[in-house]
Amino acid sequence: MSHYEPLKIEEKWQKRWEEEKPFAAKDNDKRPKMYLAEMFPYPSGAGLHVGHVRNFSIVDCLARFYTQQEMNVLRPFGYDTFGLPAENYAIKTGIAPQDVTITNIDNFRKQAKRLGYAIDWDREVNTSDPNYYKWTQWCFLQLFKKGLAYQKESYQWWCPVDQTVLANEQVENGCCWRCGHEVEKKKMKQWFFKITAYADELLDEIDSLDWPEKIKVMQKNWIGRSEGAEVDFQIAESGGKITVFTTRPDTIFGSTFMVLAPENELIDELVNDDTREAVEKYCKQALKKSEIERQENKEKTGVFTGSYVINPATGKEMPVWVADYVLSGYGTGAVMGVPACDERDYQFATKFELPIVKVIEKPENSTDDSPCYAGEGEMVNSGPFSGKQSSEVREQINDWLEQQGIGHKKVTYRMRDWLISRQRYWGCPIPIAYDKKGNPHAIPEDQLPVMLPKIDDYKPDSTGRSALAKCDEFLKVTINGEEMTRETDTLDGYACSSWYLWRYTDPHNDKAAWDKKIVNYWAPLDVYCGGDHAVAHLLYVRFWCKFFADEGYLGFREPIKRLLYNGYINAPDGKKMSKSKGNVIDPLDVIDQGYGADTLRTYELFIGPYDQKATWSTEAIGGVYRFMNRCWTLVFDSKLNTEDKNIAYRHKTIKKVTEDICRANFNTAVAAMMEYVNELYKNGANKEDLIVLGKILKPFAPHLASEMLEELGSDDIWPKWDEKLLVEDEIEMVVQVNGKLRGRIMIPADDAEDKDKLEAYARADEKVKTFTDGKDIIKVIVIPKTHLVNIVVK
RNA sequence: GGGCAAGUGGCGGAAUUGGUAUACGCGGCAGACUUAAAAUCUGCUUCCUUUACCGGAUUAUGGGUUCGAGUCCCAUCUUGCCCACCA
């Protein structure tokens, strides 16, 4: 007697898939296309972890499901290889990032193949391969040509440990996303992508996406659109002006002071000999404070500049202050203080004894007794606008500002432009060179790629430039006969991952980043799956998609139709897996222990809803292994039924599993297959029962299912169900008395639709009678759909 | 501080439009097979009462709507996530 040997079966099928390449996608095929991908991994030296397996198995389950439904499926794979870990490793060990990356990719590929994924291996991409980053540079140049890649000198987040600037999206609670060290503010000239040019479209199209609500809300918050007005305030005695942004122009009559951010460049002109010293000291301190300190201490601080501006509505003088509660990067870096209508301005005014003028009356029924009221209401002390409602005054003031030529409506976003230059070696070189005057020039497209040179010393230099600054042969370049110096910054890794979904469709093209016809056949992506990058990556891809659509390179404006955002897996102790805690589960160990890849994959899909976090259980995986064994035994070690006893159950299971996979309810799909197998053990199975089992099991456990289908002599085409065959001859009806379950009665299925018959069965039941006898029946509710009868008695 | 989501057995979790709460799995208990153990197979397993039947209670807590509520509404508590001086 033989038994289930997963490792043997899996080796056999993996070898066959390697030779026959059944997962090769065919461009421009007539079958309906289906394009799926996971967020490509960073191939670390540690190899696959169970989180990767969950992520990849979700995509694989869908890819195989659609393949079995005879669709033309594209399911590629790639590696996101630039970044700090490889560079820091190089600094520590002297091993070139190029070499480590190749080793790690080879290991990742080998491991992914042991999980039996249905990947088209001829389409691999690797972002640090010159054949790939040549086109990343090309993408940069398209943005540069249109003015959407530009340089700007301003205060930036700087990580003193990693010695590079960071994008807003890479600062988490005032700390570097990579090393966790507090970030500093540093004034530097940096490269940006003008993502704000697409802010409105990025916001407006979110609602049309089949994405988790959570992610949509995060992106909306991140973009943070607010409508308001910009208003100019004349500086008293100087003739200059200061512009503020406000969402509440209706409160302008209540503005009694103005506040500038410490970074604001106008401050220099506003100070006088008496105030200069104190203001400079304050600004210096504010800039030195870490972002955490600035956020934690909400006690208002500030200093008077010595200057005044004129409130255009009241004509009164308002003192101009500097305070760090005003942010430099948002709006104009200056606000009009309206202490009666804004909590922060109120705190500031009380602390520094600035006048408070009430301009909005609280509604009479308001229970709020704070002296500061930010809501809507009737205007007071507001000249011609007094007596009107604040919400309507808002529009009228906007018109008035415009007529006076001192203001206009304005939309402002919380999102800033995307800072993309990094002072690090291991990234895609920015294809720019500077002439003698320091003006930037594009490297001509026929000189791409700008190769990242192999070097010995990877450390950034002391001036805050990448190690490339020390590489003379890299620096020198001649463009149109003019000697120039290359840019030594490299691109943020997120730039490299902003277009790989299109490269996948045409990965070996050496004439273009992608072919328009091919990309428009496959893309946009039908399903994208990942558990990270809710804002950054997913926003950047959308931005590039819109840009390249505008340039005519893409025929669609949203890159991802459906997003599955999977949860992470914790260690059995409930904590995050980490090497230092010694609680890491290595998926390859699980396979080699004897469970095999099929059990591992199925277990990770069974562990709970795919979008929730889960805790690894070393016991529960045994249950899935038992299930695999029971499937194997049914096909290879049991007698077949000759009758067809399980028709209804079989069709019910096909329906349930099909619908569950479509809804991404993988855990309940597995549960349904387990129930089906339990039923087959009870009743015995015929050949058709087992063929169906093999087919529906294949997206989860492809090796075992292939083995079963081969034994049964069947193809793997996805089975269909027949609604008519779902119904058993007899069904159970349920009787309630006053909403309480009092009886279950087996009745012929033919009677299930007949309301009168259902009621008659219910009234005739002996057990039900004991609860209704001697009582008045007020009402009988009959629900044929659930074959339920509720008798209401008094 | 603001916003959103969630709270179901010993545990992970199911319940698709308001209609049989606790599917499936783990763990536990019992039995079969075995000299024995493992594996496998078969039952039982929300709680209270009961030998058993019957009955009662139960989806964080309290109220409401309804013939009927895990599901809808209100309040409270707890947890998680996101944002957090964004004018």
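The sequence lines fix the lettering, A, B, ..., with proteins before strands; numbering per chain opens at 1. No hydrogens, no waters, no symmetry mates; every other heavy atom, side chains included, goes into these values. Just so you know, these numbers come straight off a predicted model, no measurement behind them.
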A:Tyr649 OH to B:A23 P, straight-line distance once rounded to whole Å: 12 Å
Nearest-nucleotide 5' precedence on RNA chain B, A:Thr246 against A:Asn629: A:Asn629
Results of salt bridge (charged side-chain N to carboxylate O under 4.0 Å, His left out) for A:Asp756 - residues two or more places apart only: none
Whole-Å gap separating C1' (B:C83) and NZ (A:Lys216): 19 Å
Atom-to-atom span, NE2 of A:His3 to P of B:U40 - whole angstrom: 12 Å
Within residues 655-665 of chain A or reaching into it, pairs that qualify as salt bridge (Lys or Arg N to Asp or Glu O under 4.0 Å) - sequence neighbours excluded: A:Lys655-A:Glu723, A:Lys656-A:Asp660, A:Asp660-A:Arg663
Per-nucleotide protein contact string for nucleotides 14-20 of chain B, where B marks a base within reach and S marks sugar-phosphate only (heavy atoms under 4.0 Å, - for neither): S-BB-BB
Sugar-phosphate only, base, or nothing, as touched by A:Val792 at under 4.0 Å among non-hydrogen atoms: sugar-phosphate
Test side-chain contact (heavy atoms from CB on, under 4.5 Å) applied to A:Tyr568 - qualifying residues, sequence neighbours left out: A:Asn570, A:Lys613
Residue A:Tyr681, side-chain atoms from C-beta onward, closest of B:A87, B:G43, B:C41: B:C41
Separation of B:C82 P from A:Ile223 CD1 (nearest whole Å): 18 Å
Atom pair distance, as rounded to whole Å: OH in A:Tyr565 and C1' in B:C81: 11 Å
Residue-phosphate contact under 4.0 Å: A:Arg414 side-chain N/O, B:C82 OP1/OP2: no
Any residue meeting ring pair (Phe, Tyr, Trp, His ring centres under 6.0 Å) with A:Tyr595, in chain and number order, not counting sequence neighbours: A:Tyr625
Gap between atoms CG and C1', on A:Asp611 and B:G13 respectively (whole Å): 13 Å
Among B:C85, B:C24, B:G55, the one nearest A:Ala671 by side-chain distance: B:C24
Protein proximity profile, nucleotides 25-30 of chain B - base contact B, sugar-phosphate-only contact S, no contact -, cut-off 4.0 Å on heavy atoms: SSS---
Sugar-phosphate, base or nothing in reach of A:Phe771, heavy atoms under 4.0 Å: sugar-phosphate
Non-neighbouring partners of A:Asp532 that pass side chain to side chain donor-acceptor pair (under 3.5 Å), sequence neighbours left out: none
Side-chain donor/acceptor contact of A:Lys214 with base of B:C4 under 3.5 Å: no
Sugar-phosphate only, base, or nothing, as touched by A:Ser226 at under 4.0 Å among non-hydrogen atoms: sugar-phosphate
Nearest-Å distance for atom pair CD/P, residues A:Glu213 and B:G3: 17 Å
RNA chain B: stems of at least 3 consecutive Watson-Crick or G-U pairs whose donor-acceptor distances fall under 3.5 Å: B:1-7 with B:77-83, B:10-12 with B:24-26, B:27-32 with B:40-45, B:46-48 with B:55-57, B:60-64 with B:72-76
Results of ring pair (Phe, Tyr, Trp, His ring centres under 6.0 Å) for A:Phe65 - residues two or more places apart only: A:Trp718
Show me the donor-acceptor pairs, under 3.5 Å and distance only, between side chains in residues 779-789 of chain A and residues at least two apart or in other chains.
{"from": "A:His787", "atom 1": "ND1", "to": "A:Glu732", "atom 2": "O", "distance (Å)": "3.1"}

Torsion-based syn/anti label for B:G9, 90° from 0 as limit: syn
Electrostatic pair A:Lys645-A:Glu679, nearest N-O below 4.0 angstrom: no
With sequence neighbours excluded, residues passing salt bridge (charged side-chain N to carboxylate O under 4.0 Å, His left out) with A:Lys576: none
Between A:Ser154 and A:Gln156: side-chain donor-acceptor atoms closer than 3.5 Å: yes
Check ion pair A:Lys216-A:Asp207 (N to O, under 4.0 angstrom): no
Set of residues satisfying ring pair (Phe, Tyr, Trp, His ring centres under 6.0 Å) with respect to A:Tyr676, sequence neighbours excluded: none
Protein-nucleotide distance (A:Phe245, atom CZ; B:A87, atom P), rounded to Å: 6 Å
A:Val670 or A:Arg416, whichever maps to the more 5' nucleotide of RNA chain B: A:Val670
Sugar-phosphate, base or nothing in reach of A:Arg225, heavy atoms under 4.0 Å: nothing
Donor-acceptor under 3.5 Å (A:Arg601 side chain, A:Cys61 main chain): no
